[in-house]
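The sequence lines fix the lettering, A, B, ..., with proteins before strands; numbering per chain opens at 1. The analysis underlying the following values was restricted to heavy atoms, covering all of them including side chains, and did not include hydrogens, waters or symmetry mates. Only a predicted model underlies this, so the values are computations on that prediction, with no experimental measurement involved.
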There are 2 protein chains.
Amino acid sequence: MDVALFLSRFDNKVDRKGRVSVPAPYRTALAGQAFAGIVAYPSLVSQAIDACDMARIEELANGIDSFNPFSEEYSAFATAILSRSHQLQFDGEGRVVLPEPLIRHAGITEVATFAGQGATFQIWSPERYEVYEPEATEQAKEQAAKFALSRHKGADE
Amino acid sequence: MDVALFLSRFDNKVDRKGRVSVPAPYRTALAGQAFAGIVAYPSLVSQAIDACDMARIEELANGIDSFNPFSEEYSAFATAILSRSHQLQFDGEGRVVLPEPLIRHAGITEVATFAGQGATFQIWSPERYEVYEPEATEQAKEQAAKFALSRHKGADE
DNA sequence: CATAATATACCATGGTATCCCATGCGATCC
DNA sequence: GGATCGCATGGGATACCATGGTATATTATG
């Protein structure tokens, strides 16, 4: 099927119940999924929340399961990612509640910043994102050439 | 059909009869199974309880190594696990009683920590899990690159 | 066979998350 | 430029779920 594509940046308010509106364009991208919501987990590299659709997590789980299920690697990946990921269901208005552990990991308080990453998106504290974005941009410039070379590796059409 | 997918972490209380609520999302994931409950056995790598649905244990018993390439050693593992596994049936409220041997193996007392592992989940003593989780996360970070390479192996669209 | 001990089924309750309705702002379209 | 629609936001009611307790069945035991 068509994979969801997440673009742009959105800053939405977190109400006192911990609810945030998932940006409407993201919800549109997610339309037609079996599960009406998103899956979120702490990023392994950033102080941010990584999020994607259910299908992607299933893929991930299958990938992990292809290891020896009784190995340490299996256990480590499953624990690091799957046990820390949360299924967040949309309410009638397209909101989700951000679980406490994720809120803490990302340092989110009043506002959550949604940043599209293509097949996934991230949720940041605005303050931290303001710092991170220029850094990432700079880094991207430096590695632009290298990136271009690997880009077509997984082309499948 | 769709395999159960267990995510997130839940800390539930063990009452003085040894009962624990299996987290509602897990029960939902297990819905539709022939056996209304779970199968639990001591983890071979961790001081925790491994648990899954009946269907997965049957696969294990049949030696169907769909999730694992090393089938020889694997069947030995399967045997070791089968003899020590317990069928835990839900009561009307979705609870199970944790058998004494498993309780001891995992060092569980007041509270049981459920940790989703994808096709399976684990049950920990919270204290031990607090130690293990950061270790596993660290290990996963180190091996993330390696994992990324094998991830697209099972792409299915 | 009677009685005690244990485990299973059934019922009650409080806290919490989810559902539902209301509002306001901003963009868009006549 | 005014009206309408979409979307983010807020709050109150409701259902769900974890938890504790009581009654009944089941097994052990003297």
Q) Picking from D/dT9, C/dC20, D/dG20, which would you name as closest to the side chain of B/D15? A) D/dG20

Q. Of the nucleotides D/dC17, D/dA8, C/dT18, which one has an atom closest to the side chain of B/A24?
A. D/dC17

Q: Mind running side-chain contact (heavy atoms from CB on, under 4.5 Å) on A/Q89 and A/V96 for me, showing each step along the way?
A: CA-CA 6 Å; A/Q89 193 164 26; A/V96 295; over 6 Å; no

In whole Å, I'd like the distance from the [atom1] atom of [X] to the [atom2] atom of [N].
X	N	atom1	atom2	result
A/I103	C/dA17	CD1	P	13 Å
B/K17	C/dC10	NZ	P	13 Å
A/Q89	C/dT16	CD	P	21 Å
B/R19	C/dC10	CZ	C1'	11 Å
B/D91	C/dC11	CG	P	13 Å
B/R95	C/dT8	CZ	P	13 Å
B/N12	D/dG20	CG	C1'	14 Å
B/E110	D/dA18	CD	C1'	16 Å

Q: Determine, step by step, whether A/S125 and A/T113 satisfy the side-chain contact (heavy atoms from CB on, under 4.5 Å) criterion, reporting the C-alpha distance in whole Å, the side-chain angles of both residues, the deciding distance to 0.1 Å, and the verdict.
A: CA-CA 6 Å; A/S125 143; A/T113 297; over 6 Å; no

Q. Could you walk me through whether A/F114 and A/F6 pass the ring pair (Phe, Tyr, Trp, His ring centres under 6.0 Å) check?
A. CA-CA 10 Å; A/F114 291 77; A/F6 306 105; 10.0 Å; no

Q) Can a side chain N or O of B/R27 be found less than 4.0 Å away from OP1 or OP2 on D/dC16? A) no

Q: Scan A/R16 against the nucleic acid and name what it touches under 4.0 Å (heavy atoms): base, sugar-phosphate only, or nothing.
A: sugar-phosphate

Q | Side-chain donor/acceptor contact of A/E93 with base of C/dC21 under 3.5 Å | A | yes

(Q) Please evaluate residues A/R128 and A/E135 with respect to the criterion salt bridge (Lys or Arg N to Asp or Glu O under 4.0 Å), reporting the C-alpha separation (whole Å), side-chain torsions for both, the decisive distance (0.1 Å), and the verdict. (A) CA-CA 11 Å; A/R128 288 185 182 168; A/E135 287 174 6; over 6 Å; no

